[in-house]
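Below is one structure, written out as structure tokens; the observations come after it.
Start at 1 and go down the list; that is how both ligands and their atoms are numbered. Just the heavy atoms: all of them, side chains too, but no hydrogens, waters or symmetry mates, feed the values below.
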Amino acid sequence: MSFKDQVIWITGASSGIGEALVYAFHGEGAKLIISSRRTEELGRVRENCEGDKSHIHILPLDLTNTKSHADITQHAVELYGRIDMLINNGGISQRGLAHETQMDVIRQVMEINFFGTINLTRQVLPYMIEKKRGHIVVMSSVVGKFGTRLRSTYSASKHALHGWYDSLRQEVDVHNIDVTLICPGFVKTNVTLNALLADGSLLGEMGSGQMHGMTADKFTKKLLPKLAKRQKEIYIGGREVVAVYIKRFFPRLLDWVLKKSSVT
Ligand SMILES: NC(=O)c1ccc[n+]([C@@H]2O[C@H](COP(=O)([O-])OP(=O)(O)OC[C@H]3O[C@@H](n4cnc5c(N)ncnc54)[C@H](OP(=O)(O)O)[C@@H]3O)[C@@H](O)[C@H]2O)c1
């Protein structure tokens with residue numbers, strides 16, 4: 001596995017999985033572009049990296065501001081002359097009953113997790129097509145493969161990514177571009193603290209799944225070799241990953257199990 005001198009653009013790099021990816025790829029000698037909304041947090045992440053930081057560029061990005069993505073992408077390409085890998089990691093979760101969740105909350109989750117994500121990919125693709133190589137990566141979830149209570153919109157946003165990126169993979173194969181969908185189980189990050197409730201306020205606490213989930217560092221250690229192999233779909237987590245296979249082969253059994261399980 002060699003990511004040395006690879007130009008890697010990571011969104012959602014200010015926290016959690018994205019932050020751990022910055023440390024891991026920096027350790028591998030990659031050239032990084034790190035993005036999210038909170039530039040001071042990106043600065044903290046950059047400061048935490050050991051050794052030479054000259055190949056870590058901070059590029060502020062709001063996934064919901066799709067009009068800004070073309071200019072930001074051009075800026076990103078100018079930094080190193082190319083982008084070898086785009087990791088679409090930035091995202092937000094949700095907790096609320098489907099019928100109670102406000103439409104503007106549903107739209108906000110879709111704006112970040114789906115529309116913002118695919119639009120950034122759309123902007124990067126022409127540059128990769130021109131170079132005739134590239135790797136597009138997107139952070140889905142195990143709930144991108146099945147649904148569960150209180151996460152209807154989050155699950156829908158991740159399912160939508162599978163349809164879009166699976167289709168894209170078939171289109172860009174001819175340009176030597178690979179597409180990887182990552183489906184994490186529970187990873188101990190701030191994702192539930194930032195999850196939107198039915199009325200749009202923040203949950204503000206860590207879910208028990210995340211509390212007992214694997215660390216972002218451990219997750220990243222498992223992920224990098226799989227990314228190096230350019231696997232098409234990657235599942236990493238605890239026993240919740242088994243649900244992906246139960247859904248595939250015994251969907252009614254999973255429905256029964258999930259109805260009886262605590263999902264908070
Ligand atoms: N942790 C888990 O258990 C788990 C499981 C499955 C999938 N995932 C997925 O993993 C990805 C990373 O989440 P995490 O667990 O690391 O959570 P996190 O610690 O809350 O990180 C989320 C990241 O997304 C960024 N972000 C949020 N809204 C954004 C926006 N509008 N524009 C740009 N960036 C935005 C945040 O940065 P700013 O606030 O600075 O913008 C932050 O860096 C997400 O896509 C999540 O759905 C996580």
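- Residue contact check: Leu61 has heavy atoms under 4.0 Å from atoms 32 (N), 33 (C) of ligand 1.
- The residue among Ser14, Ala20, Gly237, Ala13 with a heavy atom at the shortest distance from atom 42 (C) of ligand 1 is Ser14.
- Residues Ile136 and Met85 fall into different hydrophobic clusters, defined by Ile, Leu, Val, Met, Phe, Trp and Tyr side chains chained together at heavy-atom separations under 4.5 Å.
- In this structure, the ring of His57 has its center less than 6.0 angstrom from the ring center of Tyr80.
- Less than 4.0 angstrom separates some heavy atom of Asn190 from each of these atoms of ligand 1: 19 (O), 20 (O).
- Residue contacts with ligand 1, taken as heavy atom pairs separated by less than 4.0 Å, involve Ser140 solely via the backbone atoms N, CA, C and O.
- Looking only at heavy atoms of the protein, atom 27 (C) of ligand 1 is closest to Arg37 NH2, 3.6 Å.
- Here atom 4 (C) of ligand 1 lies nearest to Gly185 when heavy atoms of Gly18, Gly209, Gly91, Gly185 are compared.
- At the top of the distance list for atom 45 (O) of ligand 1, counting protein heavy atoms only, stands Asn89 O, 2.8 Å.
- Surrounding CD of Glu40 are more than 12 heavy atoms belonging to other residues, nucleotides or ligands, all under 6.0 Å away.
- Residue contacts with ligand 1, taken as heavy atom pairs separated by less than 4.0 Å, involve Val187 via backbone and side-chain atoms alike.
- Distances between N or O atoms of Asp62 and those of ligand 1 include at least one value under 3.5 Å.
- Side-chain contact annotation: His69 with Asn119, donor-acceptor N/O pair under 3.5 Å present.
- Around CZ of Arg44, the count of heavy atoms belonging to other residues, nucleotides or ligands within 6.0 Å exceeds 12.
- Taking only nitrogen or oxygen atoms, main chain and side chain alike, Pro184 does not reach within less than 3.5 Å of ligand 1.
- Proximity of Lys158 to ligand 1, defined as any heavy-atom pair under 4.0 Å, is confined to the side chain (atoms from C-beta onward).
- Contact annotation: for Asn194 versus ligand 1, heavy atoms closer than 4.0 Å belong to the side chain alone.
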Exercise answer: donor-acceptor pairs, residues 241-263 side-chain atoms, under 3.5 Å, sequence neighbours excluded:
| from | atom 1 | to | atom 2 | distance (Å) |
| --- | --- | --- | --- | --- |
| Arg248 | NH2 | Tyr235 | OH | 3.0 |
| Ser261 | OG | Val257 | O | 2.7 |

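- Annotation: Gly12 places an N or O atom under 3.5 Å from an N or O atom of ligand 1; distance criterion only.
- Looking at Gln210 against ligand 1, only its side chain comes within 4.0 Å, counting heavy atoms.
- Among Thr189, Leu42, Ile92, the residue whose heavy atom lies closest to atom 15 (O) of ligand 1 is Thr189.
- Taking atom 46 (C) of ligand 1 as the reference point, the nearest protein heavy-atom neighbour is Tyr154 OH, 3.5 Å.
- Inter-residue side-chain proximity for Val105 and Asp199 is flagged as unmet; no heavy-atom pair is nearer than 4.5 Å.
- For the atom pair CG (Leu59) and CD1 (Ile10), the distance works out to 12.5 Å, reported to the nearest 0.5 Å.
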